[in-house]
There are 2 protein chains.
Amino acid sequence: MNTPKDAVQPGGEPVAQARAFSSHDHTLCSGHALALAEEMAQERNLRLTPVRRRALEILLEAHRAIGAYEVLERLSEEGFGKQPPVAYRALDFLVDHGFAHRIRRLNAFVACGHPGEDHAPIFLICRDCNAVAEAEGGPVRNALDAAGAAVGFVVERASIEAVGQCPSCASVAA
Amino acid sequence: MNTPKDAVQPGGEPVAQARAFSSHDHTLCSGHALALAEEMAQERNLRLTPVRRRALEILLEAHRAIGAYEVLERLSEEGFGKQPPVAYRALDFLVDHGFAHRIRRLNAFVACGHPGEDHAPIFLICRDCNAVAEAEGGPVRNALDAAGAAVGFVVERASIEAVGQCPSCASVAA
DNA sequence: GGTATTCATGTTATATTATCACATTCCTAT
DNA sequence: ATAGGAATGTGATAATATAACATGAATACC
Ligand SMILES: [Zn+2]
Ligand SMILES: [Zn+2]
Ligand SMILES: [Zn+2]
Ligand SMILES: [Zn+2]
């Protein structure tokens with residue numbers, strides 16, 4: 001395993017060049033990211049069990065946002081359980097511990113690009129190719145905290161998702 | 001109709017003091033907001049038909065975020081259709097034209113507090129009382145646009161939703 | 001090592017949210 | 001008046017998510 005087959009998976013539908021827009025940061029792709037996750041789990045005493053690890057791998061390999069049932073299909077093909085809770089539990093674990101994010105607009109999940117870094121992510125979703133990029137959202141989050149504070153609201157968690165056009169689709173359209 | 005029964009509906013579950021946190025701006029409550037919507041529809045040549053109007057009224061009266069099926073139940077009780085598309089179509093219309101917003105985190109809908117004003121709303125969701133406040137999100141949206149631009153992404157629409165604690169629940173907890 | 005306790009996995013069943021496809025009716029504009 | 005389009009209604013089904021409970025594996029404690 002860990003083959004840096006950075007290419008695409010065969011059976012995919014919309015080819016979603018989901019890599020971060022423009023110069024894609026490959027440093028955290030599949031293999032490496034997984035190793036990193038292992039490490040993190042060790043440190044934090046989390047149990048990255050086979051299903052959970054495999055679910056993360058699936059997200060990493062997909063390199064785009066995919067739904068729980070799609071993850072489930074893959075898991076069950078490989079001998080894990082065939083019922084929805086299998087996927088939802090693994091995904092919930094990954095999300096709870098920062099290995100993945102949930103994209104509410106798409107009812108889908110995506111591997112985190114900066115696991116363990118305590119970041120404030122925002123998500124940029126291309127309306128044409130469906131790519132999802134995780135971007136640095138510190139300033140956005142600060143503005144959000146401020147807006148909340150202005151009415152006495154304490155922000156604990158946030159989902160910040162933008163739909164628009166990614167640079168590659170924009171250039172094609174032009 | 002149009003009774004300004006600004007009060008609450010009887011059968012509600014979690015009492016969600018959904019009015020905007022702190023000093024609630026009642027100026028746009030039920031009756032008035034509805035009249036305003038009528039006006040707007042006139043100007044823009046939109047067809048605010050009975051189902052659509054009633055769906056908006058239901059959102060306004062609820063004064064909190066409610067799901068499509070809850071809206072449907074009310075609509076069907078009043079002689080409108082009994083099938084999901086009835087509610088979803090009315091709600092989609094309201095959302096598309098800015099009379100209401102969709103809260104993705106809750107799979108729910110809420111009447112807009114500033115219809116027709118071309119605003120950039122953000123939503124503050126209380127984790128304790130489930131209240132949803134629509135707040136001014138101009139600065140947040142600007143930061144988001146900038147973050148997108150930094151990677152060549154053009155933001156067209158955004159959903160910005162925060163979960164946290166509203167001031168009234170915070171004071172109770174203290 | 002043995003045992004209690006917790007956590008993880010799996011299953012069946014069901015709940016919740018959302019869309020498709022098609023017939024009919026209602027408006028609107030020639 | 002009449003053709004075209006928009007709106008409503010229906011039945012059917014898709015897609016997403018959770019509840020409830022049984023079994024099995026890891027861990028903690030003695
Ligand atoms: Zn991340
Ligand atoms: Zn694109
Ligand atoms: Zn609004
Ligand atoms: Zn509250």
Side-chain angles (χ1 to χ4, degrees), chain A residues 13-14 38 41-42 44-56 58-59 62 65-97 99-110 130 159 161, chain B residues 13-14 37 41-42 44-59 62 65-97 99-110 130 132 159 161:
Chain A
E13 299 82 36
E38 299 265 21
Q42 279 278 329
R44 307 193 184 179
N45 217 28
L46 299 174
R47 292 159 71 177
L48 190 55
T49 61
V51 222
R52 292 168 175 175
R53 179 201 331 276
R54 188 57 192 131
L56 177 53
I58 288 168
L59 291 184
I66 61 184
Y69 279 77
E70 199 175 340
V71 172
L72 175 60
E73 197 184 336
R74 311 271 217 102
L75 287 174
S76 65
E77 282 170 3
E78 301 175 25
F80 296 102
K82 296 174 159 41
Q83 305 304 323
V86 169
Y88 281 103
R89 285 197 285 234
L91 291 167
D92 287 348
F93 170 88
L94 296 175
V95 169
D96 285 349
H97 296 93
F99 297 109
H101 298 289
R102 185 172 202 151
I103 311 297
R104 306 211 83 109
R105 226 171 153 108
L106 303 177
N107 291 325
F109 301 81
V110 68
N130 270 122
S159 36
E161 301 172 0
Chain B
E13 298 84 34
Q42 279 278 331
R44 307 192 185 181
N45 217 28
L46 300 174
R47 291 159 71 177
L48 190 56
T49 60
V51 223
R52 292 168 174 174
R53 178 200 332 275
R54 187 58 192 133
L56 177 53
E57 262 183 318
I58 288 167
L59 292 184
I66 61 183
Y69 279 76
E70 199 176 340
V71 173
L72 176 60
E73 197 185 337
R74 310 274 215 101
L75 287 174
S76 65
E77 283 170 4
E78 301 175 26
F80 295 104
K82 295 174 160 40
Q83 305 303 322
V86 169
Y88 281 102
R89 285 196 287 234
L91 291 167
D92 286 348
F93 171 88
L94 296 175
V95 169
D96 285 349
H97 296 94
F99 297 111
H101 298 289
R102 186 171 201 152
I103 311 297
R104 306 212 80 111
R105 209 154 174 125
L106 304 176
N107 291 325
F109 301 81
V110 68
N130 269 124
V132 175
S159 36
E161 301 172 1

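Convention: sequence-line order gives letters A, B, ...; per-chain numbering from 1.
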All N/O donor-acceptor pairs, side-chain side in residues 99-107 of chain B, below 3.5 Å, sequence neighbours left out:
from: B/H101; atom 1: NE2; to: B/H119; atom 2: NE2; distance (Å): 3.3
from: B/H101; atom 1: NE2; to: B/E134; atom 2: OE2; distance (Å): 3.1
from: B/R105; atom 1: NH1; to: A/S159; atom 2: OG; distance (Å): 3.0

* Asked: In whole angstrom, what separates A/L75's CG from C/dT11's P?
  -> 12 Å
* **Value in whole Å for how far the C1' atom of C/dA8 lies from CZ of A/F80** => 13 Å
* Closest nucleotide of DNA chain D for B/R52 versus for B/G81: which of these residues is on the 5' side? -> B/R52
* Checking side-chain contact (heavy atoms from CB on, under 4.5 Å) for the pair A/R53/A/E38: CA distance, chi angles, key distance, verdict? -> CA-CA 8 Å; A/R53 179 201 331 276; A/E38 299 265 21; 2.2 Å; yes
* Side-chain heavy atoms of A/L59 within contact of A/I66, under 4.5 Å -> yes
Output a table of donor-acceptor pairs, distance under 3.5 Å, between side-chain atoms of residues 76-93 of chain B and any protein atom two or more places apart or on a different chain; print 'none' if there are none.
from: B/S76; atom 1: OG; to: B/L72; atom 2: O; distance (Å): 3.2
from: B/S76; atom 1: OG; to: B/E73; atom 2: O; distance (Å): 2.9
from: B/E78; atom 1: OE1; to: B/R54; atom 2: NE; distance (Å): 2.6
from: B/E78; atom 1: OE2; to: B/R54; atom 2: NE; distance (Å): 3.2
from: B/E78; atom 1: OE2; to: B/R54; atom 2: NH2; distance (Å): 2.9

* Asked: 5' to 3' on DNA chain D, which nucleotides open and close the contacts with chain A (atom under 4.0 Å from a heavy atom)?
  -> D/dT16 to D/dA26
* Would you mind building the protein contact string for nucleotides 12-22 of chain C? One character per nucleotide, 5' to 3', B for base within reach (heavy atoms under 4.0 Å), S for sugar-phosphate only, - for untouched. => B----BBBB--
* **Nearest-Å distance for atom pair CZ/C1', residues A/F93 and C/dA8** => 11 Å
* Structure fact -> B/S/- along nucleotides 23-29 of chain C (protein heavy atoms under 4.0 Å) is ----S--
* Bend angle of the helix from C/dG1-D/dC30 to C/dC26-D/dG5 from five-pair axes at both ends, rounded to 10°? -> 40°
* Structure fact -> Value for CD1 (B/I58) from CZ (B/R74), rounded to nearest 0.5 Å, stands at 5.5 Å
* To do: Check B/L48 against B/A41 and note the closest heavy-atom contact, atom names and distance.
  => CB-CB, 4.0 Å
* Asked: How far apart are the closest heavy atoms of A/A55 and A/V71, and which atoms are they?
  -> CB-CG1, 4.4 Å
